[in-house]
Each structure stands twice: as C-alpha cells, then as structure tokens.
Amino acid sequence: MATILVSLHFLIIFYVSNIPLAFAQNENQFIYNGFRPAKLHLDGSAQLLSNGLLQLTNIKNISSPQVGHVFYQFPLKFNTTSTGSTLSLSFSTNFVFAIVPEVPSSGGGHGMTFTISPSWNFIHAGGNQYLGLFNSSNDGLPVNHILAIELDTILNPEFGDIDRNHVGIDVNSLNSTELAPAMYFSNKEGKNISLELTSGNPMHLWIDYDEAEELLNVTLAPTRIPKPNWPLMSKHIDLSLYLLESMYVGFSATTGTRAPSDHYILGWSFNKSGQAQSLDVSKLPSLPRQRKTKEIPRLMIMVFLIAVTLVLITITGVAYIIRRKKYEEIREDWEREYGPHRFIYKNLYKATNGFSDKELLGAGGFGKVYRGILPSSNVQIAVKRVSHNSKQGMKEFVAEIISMGRLRHRNLVQLLGYCRRRGELLLVYDYMSNGSLDKFLYSNEKPSLSWFQRFRIIKGVASGLLYLHEEWEQVVLHRDVKASNVLLDAELNGRLGDFGLAKLYDHGTNPQTTHVVGTVGYLAPEIIRTRRATTCTDVFSFGAFMLEVACGKRPVGLQGLTEDIILVDWVFECWRRGAILDASDPRLGGNYVVEEMELVLKLGLLCSHTVPAARPSIRQVMQFLDGNANLPELPDGSTFFGTFKGNEEHDYLLSLPSSSGKGSAASLSSTDSILINGR
Ligand SMILES: *[C@@H]1O[C@H](CO)[C@@H](O)[C@H](O)[C@H]1NC(C)=O
Ligand SMILES: *[C@@H]1O[C@H](CO)[C@@H](O)[C@H](O)[C@H]1NC(C)=O
Ligand SMILES: *[C@@H]1O[C@H](CO)[C@@H](O)[C@H](O)[C@H]1NC(C)=O
Ligand SMILES: *[C@@H]1O[C@H](CO)[C@@H](O)[C@H](O)[C@H]1NC(C)=O
Ligand SMILES: *[C@@H]1O[C@H](CO)[C@@H](O)[C@H](O)[C@H]1NC(C)=O
Ligand SMILES: *[C@@H]1O[C@H](CO)[C@@H](O)[C@H](O)[C@H]1NC(C)=O
Ligand SMILES: *[C@@H]1O[C@H](CO)[C@@H](O)[C@H](O)[C@H]1NC(C)=O
C-alpha cells in the first residue's frame with residue numbers, strides 16, 4: 001500500500017514538474033512572461049539569460065557581426081485546406097523587446113524582426129542589413145515564403161528605407177511593402193507620439209492578422225501604456241499568397257561592428273485561436289543594468305574629469321597668483337633709465353633662500369641685511385631690505401641711489417643695484433665677508449683688532465669720507481658714520497656702508513619737518529638746532545668714530561657697571577690730567593704706537609668741537625693722520641667739546657625743539673624713532 005502511495009506521489013511530482021509554465025497544449029497558442037523555461041530553438045548569438053531574458057545579440061561578444069535567431073520549437077499550421085477551416089491564416093501575437101545600443105543616444109544597428117518562415121534554418125542568410133533573413137541573391141524571391149515585421153534601426157537606401165527608426169512589413173523581401181516611422185497613437189492625447197527604437201527602453205509590439213478582412217495590423221507602444229486604439233500600420237494583404245501550411249514563428253536580429261546593439265525579447269504571447277493575451281509587464285524579467293552601468297561610469301568619468309580639471313585650473317591659478325604676489329615688484333616708467341641697476345625680485349629671493357633667517361647678516365635702523373649668492377653669476381651679495389611706505393620722494397631717492405652706485409672707492413661698500421616692491425626697497429651691495437666693525441670692538445665672538453689694523457681702518461674710512469665730501473662730482477653726505485656702518489672686507493680693510501641711505505627719510509618732506517637722522521652719540525650738537533647735515537656734522541661723527549675705535553667704547557652708553565659715560569668727556573678728562581693714553585682700549589694691552597694713539601685721540605677730540613667751524617675738514621683730518629700736518633693745540637675747556645647727549649629716545653623726541661616753533665611731539669611721526677637710533 002505504502003509503495004503504491006509513494007510511486008503515485010512520484011508520479012504526481014513527475015507530472016507536475018513537467019507541465020511547462022507557459023501552456024502550449026494546443027501548440028498554437030502560448031504566452032511567455034519571460035522565457036524560463038520555454039520551448040524555443042536558439043541559434044547564432046542568441047542566448048537565454050538566467051533571469052529568463054532572451055538575448056539575440058550581445059555587444060560584449062567579440063565575434064561581430066552577429067546574427068541571432070529564436071523560434072518556437074514546433075511548426076504551426078497556417079495555410080491549410082485539409083481541416084476546412086477558413087481562418088487558418090489568422091493569428092495574433094504581441095511581444096516586448098528592447099534594443100540597447102552600445103553608446104546611448106548614438107543609435108544602433110541593425111535591427112530585429114518578428115518572422116513567420118517555413119524553416120528555422122537561416123544558415124545562408126546574411127547578417128547586418130539582411131537582418132538574418134535573406135541574402136543578396138534570394139532577397140525578394142517568392143520562394144522565400146517569409147513574412148517579417150522589421151524593427152529597423154539603420155537607414156538602407158537600397159531597400160527603400162525612410163529613416164533609421166522605422167517599422168516595416170516585409171514580404172519575401174527587405175524592400176518593405178509598408179513602412180512607418182516608429183511612433184504610437186496616444187489614446188489619452190489623441191495624437192501620434194514618436195518613439196526611439198534604440199532608446200534602450202522596453203517596448204510593446206502587437207501584430208494581428210484577420211484572414212476574413214485580409215487586414216494586417218501592427219501596433220507599437222511603450223510598455224507603460226496599454227495597447228493603443230489605432231495601429232501604426234493597417235495593411236490589406238492576402239497572406240494565402242505567401243504562407244505555406246507549416247510555418248515557424250520567431251525572431252531574428254543582427255548587429256554590425258559599427259554602432260552595435262544588444263537586442264532583447266522580454267516576453268511573447270502568441271495565439272492562432274483568437275486574440276493573444278497581452279503580456280503582464282510587471283512579470284517580465286528586467287534588462288541587465290549594463291546600459292546604466294555603462295552610462296553612469298561615462299557620466300561619472302566626465303564629471304570626475306571636469307572636476308579634476310577645474311581643481312587643477314584653480315590650483316594653477318591660485319599658485320600663479322601666489323607666485324605673482326610672492327615675486328611682485330613695483331615698476332614705474334621713470335625707472336626705465338635705471339634698468340641696468342634694477343634687480344629682479346625673484347632672483348634676490350632665490351639668492352637669499354627666500355630671505356631666510358639663516359642668511360640674516362644683521363638688522364639695523366633701516367632694515368635687515370641678508371647674505372645671498374646670485375644664481376646667475378655665483379657672486380656674493382648683501383641685500384638690504386628697507387621698509388618704506390611712502391611713494392613720496394622715492395623717485396629722487398632712487399635717482400640718488402643710482403648715482404651713488406657710480407661712486408667707486410676702495411673704502412666704500414659698492415652698491416650694485418636696487419629693486420622695489422610695495423612697502424619696501426631692496427638695495428644690493430657687495431658682500432663684506434668680515435661683517436661690521438662694531439662686532440670686532442664689542443663682541444667676544446670676533447678677535448680683537450690690533451692697533452695696526454685699527455689705525456689702517458681709521459685712515460681707510462677717512463679716505464672714503466674724503467672721497468664722498470670732496471673728490472666726487474658732487475658732495476655726498478654720509479650722515480651716519482659709526483662703527484656699525486663700517487664693514488670689513490676679507491683683508492680687514494674698512495669700508496663705509498649705508499651712505500646716503502638716511503636721505504630716504506629726508507626727501508620729499510617739507511623743510512619744516514625735515515627729520516634729524518643719525519645716531520645719538522655721533523650727532524653734532526648744532527644739528528638739533530639747524531636740522532641740517534653738513535660735512536661738519538659728518539666730521540663730528542667721524543671724530544666720535546675715531547674715539548670709539550681707539551678706546552673700544554661706545555660714544556654714549558653704559559660702559560661700567562654703575563654709570564653712563566660720555567666718551568668725549570672722559571677722553572677730554574684724561575687729556576686734561578695729562579694722561580690721554582689712559583683712554584686707550586685696555587684690550588690692546590699697551591701694544592700701540594704711542595704717537596699714533598695720541599694723534600687719534602686728540603684728533604677725535606678736535607673733531608668733537610661744539611663749534612662746527614673749529615672742526616678740521618676731512619681733508620685736514622687725512623693730512624693729520626698721514627703725518628703731513630701737525631695737529632694744533634686743543635682748546636683748554638670742556639665746554640668746547642661734546643655731543644648731543646640723549647640717552648632715552650623718548651626724552652629726546654619730546655624735548656626736540658621744532659624749527660617751526662610748534663610743539664615738536666606733534667610734528668614727529670612714529671618713524672622718527674628709527675631715525676634716532678639710541679644705540
Ligand atoms: C558569440 O557569438 C557566437 C556567434 O555569433 C557564438 O557562437 C558564441 O557562443 C558567442 N559567445 C558568447 C560568449 O556568447
Ligand atoms: C542565399 O540563400 C540561399 C538559400 O536561401 C542559398 O541557396 C544561396 O546560396 C545564398 N546565396 C548567397 C550569396 O549566400
Ligand atoms: C522597392 O520595391 C518597390 C516596389 O515594391 C519598388 O518600387 C522600389 O523601387 C523598390 N526599391 C528598391 C530600392 O529596390
Ligand atoms: C497617426 O499615424 C497613422 C499612421 O501613420 C496615421 O494614419 C494617422 O492619421 C495618424 N494620426 C494622427 C492623429 O496623426
Ligand atoms: C485593425 O485596425 C483597424 C483600424 O485601423 C480595425 O478596424 C481592425 O479591427 C483591426 N484588426 C485587427 C485584427 O486588429
Ligand atoms: C495557400 O492555400 C491555398 C488554398 O489551398 C492555395 O491555393 C495557395 O497556393 C496556398 N498558398 C501557398 C503560398 O502555398
Ligand atoms: C487564445 O485565444 C483564445 C480565444 O479567444 C483564448 O481563450 C486564449 O486564452 C488565448 N490564448 C492566449 C495564449 O492568448
């Protein structure tokens with residue numbers, strides 16, 4: 001009993017599992033909402049995908065051009081007389097297809113057909129424009145017995161095509177008996193609406209033939225709407241002239257190398273006994289996402305590339321602007337004549353490693369000085385960055401600087417040229433390897449100088465000053481002679497630097513507010529009153545400088561632990577005691593030529609005379625130092641000698657009498673504190 005039940009059970013399972021989902025009991029009607037499984041014959045490039053989708057051609061298959069066929073496995077009875085039925089030629093079918101071109105919206109080829117054919121053997125048929133149905137020799141022959149509805153996406157003039165997006169009724173030939181551009185009648189809007197066959201979207205095609213009326217209707221529509229009320233084509237045709245008794249129904253599709261397409265069929269309903277049921281679009285398999293994944297990366301790559309390009313353009317632009325800003329200079333028309341003396345800021349920037357702190361040589365009243373090596377010539381230079389905000393007087397000053405560039409003397413630091421930027425002026429000088437003299441006098445990092453060296457430096461600086469005052473084509477005032485402005489070259493020769501620079505703060509301002517320039521301790525007393533620098537005020541500064549070098553002490557400043565001393569007063573005091581040599585620098589340890597030391601100290605005092613006219617000229621100073629003239633006796637009174645004694649910058653600024661008689665504090669701007677260098 002149990003075995004019978006089990007075998008019955010098996011029998012049922014066997015039976016049920018062999019009933020196809022599509023019913024085809026009558027063999028002349030079937031409906032496939034997707035083709036899994038289906039009684040189909042496939043050939044060529046046609047394949048059934050795992051989700052039940054029929055793919056007739058495959059772009060990814062490299063063996064192009066491709067031809068694919070799909071036929072219902074069994075032949076159907078069409079032109080029959082034996083049964084006596086008068087309606088054997090009538091049929092009704094509808095299917096959903098999709099044509100997906102490789103490049104969206106660029107069109108695709110060649111097309112596909114619904115075909116009623118006496119055979120499924122198309123081995124001799126051509127691909128491409130022959131749509132897998134005919135070849136060049138049998139196209140148009142009555143022996144073909146083929147009816148095809150073509151969905152043609154290539155314009156072939158030789159077949160009388162009207163465009164590359166049409167539907168045609170083909171009887172034994174690719175030269176269609178009826179053609180219509182792809183479109184559908186919208187029941188809602190009451191008009192025809194165009195369709196793009198190669199849009200990649202699924203579309204619905206209905207083909208109905210009524211034998212009684214001899215009318216063949218072809219109706220096209222997008223899948224989202226029901227069958228339109230009006231067919232795309234309605235053709236009077238007597239199919240008994242063409243169709244044989246036993247016919248196969250199915251599809252063909254071809255694609256070429258140019259603009260290839262994937263051709264799909266999603267579902268198919270066929271009926272020879274009546275109206276074919278319309279397909280249930282919701283049950284159809286979905287198309288591979290390939291179209292979208294193809295489109296999205298393209299789009300994404302485009303967007304990405306555009307974004308990258310934009311970012312690159314922005315970065316380059318910003319970099320360019322930053323670079324422009326970084327190396328920006330000010331150039332004006334009047335500077336053209338100074339062209340040869342003009343340096344390019346970029347070169348100076350590179351020479352000094354971007355004005356790095358490592359290259360900083362010193363910082364003075366007028367700005368910082370950097371060492372550099374010119375990339376083009378490997379020449380060592382010193383670059384002074386002078387901050388200067390006003391455009392006023394710049395022209396005159398640059399003119400003067402350039403003319404000073406023509407000053408040539410072995411005791412002057414050679415000016416090589418200049419460069420201008422917003423807010424600053426850059427002056428390029430010969431590089432002095434041993435730095436400034438004050439370092440040797442006051443700092444322990446440099447060796448102390450011998451008297452021989454000091455005396456030579458004093459004579460050298462005097463000779464440089466003589467050149468400025470008397471030997472050049474015009475009188476040039478230095479205005480700031482002091483040890484820190486004397487630079488030593490490789491052979492420890494003294495060279496005057498920074499000459500004329502003080503004038504930058506002088507030019508272009510009105511005479512009433514002419515600033516006092518110089519350094520406290522080196523300033524002649526009359527300059528406070530007259531506010532005018534003269535050769536006499538330079539000589540006064542030179543006197544202070546001589547005392548400084550001989551005594552190893554600053555003119556004004558905290559010398560001992562307890563009290564400030566005024567160097568001139570102290571040397572004068574020593575002289576009055578008859579012990580002027582006591583003033584000599586103890587670091588010399590008495591190793592000096594007594595006559596020379598005495599000469600320098602006395603000459604220093606003489607130059608420090610409060611009455612300008614009583615001071616010797618620089619030419620006389622030169623003669624005394626060279627021993628070509630005898631030093632006159634010094635006047636015996638401390639009031640004859642002295643400097644302007646200002647220790648505290650601000651006290652000085654506030655007590656400075658104004659030549660215009662107004663309150664002095666008001667007429668002095670904050671930049672004046674640079675000019676009055678307290679050190
Ligand atoms: C490519 O197409 C050819 C015929 O056109 C077919 O024989 C072959 O199996 C296809 N290959 C693939 C991977 O689909
Ligand atoms: C065309 O097809 C027919 C069969 O339908 C075949 O006999 C003939 O040789 C073919 N001609 C060419 C040129 O392939
Ligand atoms: C196509 O066939 C029609 C007749 O059916 C004919 O008039 C026409 O010239 C043919 N066109 C071509 C290109 O063969
Ligand atoms: C729609 O197209 C068909 C076939 O081309 C034509 O017969 C019909 O008149 C058109 N209808 C309208 C409303 O344009
Ligand atoms: C074909 O379309 C016409 C309207 O153009 C309609 O009257 C006829 O019934 C249709 N025939 C079939 C078989 O659908
Ligand atoms: C179709 O059937 C009719 C009637 O039997 C016959 O006269 C005709 O020749 C057939 N058509 C074809 C193409 O064989
Ligand atoms: C075929 O037509 C008959 C009669 O209208 C109908 O009963 C049947 O469901 C149809 N079959 C298909 C698959 O459309």
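Predicted, not measured: the structure shown is a model, and the values here were computed from it.
Partners of R495 by side chain to side chain donor-acceptor pair (under 3.5 Å), not counting sequence neighbours, listed by chain and number: D489. By the side chain to side chain donor-acceptor pair (under 3.5 Å) test, T535 is found to be paired with no residue, residues two or more places apart in sequence or in another chain being considered. Scanning for side chain to side chain contact (heavy atoms under 4.5 Å, CB included) contacts around S377 gives L374, V379, with sequence neighbours left out.
By the 4.5 Å heavy-atom criterion applied to side chains, L488 and M432 are not counted as neighbours. In this structure, P612 and T534 have side chains that are not in contact, with every pair of non-hydrogen atoms separated by 4.5 Å or more. A 4.5 Å side-chain heavy-atom check between F545 and V461 finds at least one atom pair inside the cut-off. Looking at R342 and R420, their side chains come closer than 4.5 Å, going by heavy atoms from C-beta outward. For the pair R385/L427, no side-chain contact is recorded, criterion being any heavy-atom separation below 4.5 Å from C-beta on.
Taking both residues in full, the closest heavy atoms of R615 and H609 are given as NE-O, 2.7 Å, listed atom of the first, atom of the second, then distance. Looking at every heavy atom in both residues, L634 comes nearest to K602 through CD2-O, 3.8 Å. For the pair K384 and Y429, the tightest heavy-atom approach, listed with the atom from each and the gap, is CB-CE1, 4.2 Å.
Of the inter-residue distances, the one linking M597 atom CE with N591 atom CG reads 10.0 Å to the nearest 0.5 angstrom. Distance CG/L599 to CZ/F624: 8.5 Å, rounded to 0.5 Å. Taken from CZ in R454 to OH in Y592, the straight-line distance is 11.5 Å, to the nearest 0.5 Å.
A side chain to side chain donor-acceptor pair (under 3.5 Å) with Y522 is found for exactly one of R554, E548, K482, namely E548. Of the candidates D582, L601, I580, W575 forms a side-chain contact (heavy atoms from CB on, under 4.5 Å) with just one, namely I580.
Note: Y345 and F355 have parallel aromatic rings, judged against thresholds of 30 and 60 degrees for the angle between ring planes.
Checking S450 against Q453 by side-chain atom types alone, a donor-acceptor pair falls below 3.5 Å.
Heavy-atom neighbours of N630 CG from other residues, nucleotides or ligands within 6.0 Å: at or below the threshold of 12.
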